[in-house]
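Small disclaimer: the values here were computed from a predicted structure and weren't measured. Just so you know, these numbers use all the heavy atoms, side chains as well, and skip hydrogens, waters and symmetry mates.
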Amino acid sequence: MLAASDSLEHNADMPRSDFLHEATARGFVFQCTDAEALDDLLRAGRVPAYIGFDCTAPSLHVGSLVQIMLLRLFQRTGHAPLVLLGGGTTRIGDPSGKDESRQLLTDAQIAANMAGIRRVFDPFLRFGDGPTDARLVNNADWLDRLAYIDLLRDVGTHFTVNRMLGFDSVRLRLEREHPLTFLEFNYMILQSYDFRELYRRHGVLLQMGGSDQWGNIVCGVELGRRTEGAALFGLTSPLITTASGAKMGKTAQGAVWLTADRVSPYDYWQFWRNVEDADVGRFLRLFTELPLAETARLEALGGAEINEAKKILATEATALAHGRAAAAAAAETARATFEQGRAAADLPTVHVPAATLAAGMSAVALVVAAGGAPSNSEARRLIRQGAVRVNDALLAEETQRFDAGDLRDGALEITIGRKRHLLVRPG
């Protein structure tokens with residue numbers, strides 16, 4: 001629950017329930033099927049709600065963080081969050097926001113991805129058997145048992161093709177003349193079935209998701225009303241892009257994953273430290289739990305002071321995902337590297353075979369091995385642009401070679417741009 005000191009002052013123009021009030025004030029709310037009735041329901045007592053996550057990768061990245069923070073806020077304001085993993089729906093693939101079909105995964109790949117994704121939620125949610133503890137469920141538990149004819153008779157009769165063609169997830173794909181398989185066309189029906197099943201099994205009354213899920217969520221609300229007589233609700237959050245229009249969670253180096261085995265706490269800290277000035281206030285509200293008065297103060301900083309706000313954003317966001325100690329260590333590593341001009345021992349480190357380094361490595365191979373670029377062509381581009389330094393010296397030639405004799409304190413320090421530092425060590 002929100003502590004009394006953390007509670008927001010309510011006014012006539014804002015929702016009165018703690019969850020909707022703070023979610024609105026922080027920028028989480030985009031659409032709601034019946035905001036006034038949902039507000040009343042949330043004020044009346046504990047409400048179970050869910051968000052679904054398909055298992056298309058071994059982790060989730062920052063693009064999913066709005067939904068995770070929404071579940072965290074839901075729990076923090078006294079309600080019961082439920083995480084639905086799409087062990088069943090991942091076998092189909094959600095067409096929402098996609099121009100082409102997803103690659104179909106094997107059951108073994110889906111199971112491995114699910115195990116990785118499960119770990120993402122542990123720092124953000126409290127799991128258990130208490131009334132407001134989070135639960136994790138897998139829709140394969142019911143979808144894998146469905147009989148096709150029974151599904152068509154029980155659920156299919158409540159969907160019209162005319163209506164389904166009007167939702168963005170289908171309409172935009174057809175307007176762009178990109179193929180939409182019959183398999184994907186069924187996704188909307190199965191997501192609606194999930195909502196009804198969670199209502200039956202766990203009393204779930206609210207489904208939340210990104211704005212691209214609006215059509216799927218509305219269909220689930222309507223299915224619950226028609227077959228159960230249930231008053232269900234849907235709420236979506238805006239899809240987040242950066243001030244320059246880039247997709248959230250993607251960088252030139254790849255996705256910003258939420259688990260430390262894929263993106264180190266230091267690199268995660270650096271991602272937030274390097275956001276655009278215009279994004280600082282919005283990201284402080286969405287991705288930290290700082291009081292709104294403090295986020296407003298930080299957002300108002302100008303000039304060089306905005307960098308201090310970015311450091312606070314980076315530390316607070318990293319603390320939520322990786323713990324306060326890891327966030328403090330990342331901040332100190334950055335301070336030592338950038339302010340004192342020395343290579344900190346806990347910079348992201350890559351080990352290459354000692355024999356490989358002894359034989360010599362090209363500049364391109366070194367940059368790729370360090371993780372500074374995803375490919376040789378990208379490494380060449382960075383070098384040509386003067387964006388790469390090795391041991392503080394500008395790397396001017398792609399053909400330059402490095403060997404064990406170039407080690408400094410047992411490592412080669414690779415700097416990409418002004419702010420990304422990596423170490424390469426033999427081992």
Side-chain angles (χ1 to χ4, degrees), residues 57-59 61-62 103 108-109 112-113 116 119 249-271 273-274 314 318 322 326 329-427:
S59 181
H61 59 66
V62 168
Q103 180 182 356
Q109 288 172 317
N113 289 346
R119 296 182 295 118
K250 300 285 187 179
T251 70
Q253 288 74 43
V256 183
W257 300 100
L258 296 174
T259 45
D261 59 329
R262 299 181 71 84
V263 169
S264 71
Y266 175 79
D267 281 338
Y268 192 77
W269 191 95
Q270 281 293 333
F271 167 76
R273 167 62 181 85
N274 293 331
T318 304
H322 298 292
E332 173 56 23
T333 297
R335 187 191 68 79
T337 301
F338 301 122
E339 296 178 13
Q340 297 183 355
R342 62 179 175 86
D346 52 353
L347 281 175
T349 301
V350 175
H351 290 87
V352 300
T356 300
L357 193 56
M361 298 179 67
S362 70
V364 170
L366 184 64
V367 171
V368 173
S375 65
N376 289 345
S377 60
E378 177 65 13
R380 292 188 186 95
R381 185 186 67 80
L382 291 170
I383 294 169
R384 290 167 186 165
Q385 291 179 344
V388 181
R389 290 178 175 271
V390 178
N391 291 342
D392 297 326
L394 182 65
L395 187 55
E397 296 292 338
E398 303 169 27
T399 56
Q400 188 172 344
R401 297 185 67 81
F402 296 87
D403 57 30
D406 296 301
L407 295 177
R408 188 173 68 180
D409 296 328
L412 292 169
E413 183 183 357
I414 315 298
T415 304
I416 309 296
R418 290 182 300 170
K419 299 177 179 178
R420 191 161 185 243
H421 294 248
L422 309 152
L423 294 181
V424 174
R425 296 183 184 275

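With sequence neighbours left out, the salt bridge (charged side-chain N to carboxylate O under 4.0 Å, His left out) criterion links Arg384 to Glu398. Here Thr259 pairs with Ser59, Asp261 under the side chain to side chain donor-acceptor pair (under 3.5 Å) rule; sequence neighbours left out. Every residue was checked against the side chain to side chain donor-acceptor pair (under 3.5 Å) condition with Arg401, not counting sequence neighbours, and none meets it. Contacts of Glu397 classified as side chain to side chain donor-acceptor pair (under 3.5 Å), with partners at least two apart in sequence or in another chain: none. Under the rule for a side chain to side chain donor-acceptor pair (under 3.5 Å), Thr399 has no partner lying at least two apart in sequence or in another chain.
In terms of heavy atoms, Ala255 sits closest to Val263 at O-CG2, 3.9 Å. Of all heavy-atom pairs between Ala334 and Tyr266, the closest is N-CE1, 3.8 Å. In terms of heavy-atom proximity, Leu382 sits nearest to Gly372 at CD1-O, 3.7 Å. Considering all non-hydrogen atoms of both residues, Val368 and Ala379 come closest at CG2-CB, 3.9 Å. In plain terms, the two heavy atoms of Tyr268 and Trp257 that are nearest each other are CD1-O, 3.8 Å. Heavy atoms only, all atoms of each residue included: Ala330 and Pro265 are closest at CB-O, 4.0 Å.
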- Phe402 vs Ile414, side chain to side chain contact (heavy atoms under 4.5 Å, CB included): CA-CA, chis, key distance, verdict: CA-CA 12 Å; Phe402 296 87; Ile414 315 298; over 6 Å; no
- Task: Before giving the answer on side chain to side chain contact (heavy atoms under 4.5 Å, CB included), spell out for Leu423 and Val350 the whole-Å C-alpha distance, their side-chain angles and the decisive distance to 0.1 Å.
- Result: CA-CA 6 Å; Leu423 294 181; Val350 175; over 6 Å; no
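A side-chain hydrogen bond (donor to acceptor under 3.5 Å, both in side chains) check over residues 351-360, counting only residues at least two apart or in different chains, returns nothing.
Between the CG atom in Leu357 and the CG atom in Leu407 there is a gap of 5.5 Å [rounded to 0.5 Å]. Within the model, atoms OG1 of Thr318 and CZ of Arg273 stand 12.5 Å from one another, a figure rounded to the nearest 0.5 Å.
Checking each of Leu412, Asp403, Val352 against Met361 for a side-chain contact (heavy atoms from CB on, under 4.5 Å) leaves exactly one that passes, namely Val352. No option in Asn376, Val390, Val388 other than Val388 meets the side-chain contact (heavy atoms from CB on, under 4.5 Å) test with Val367.
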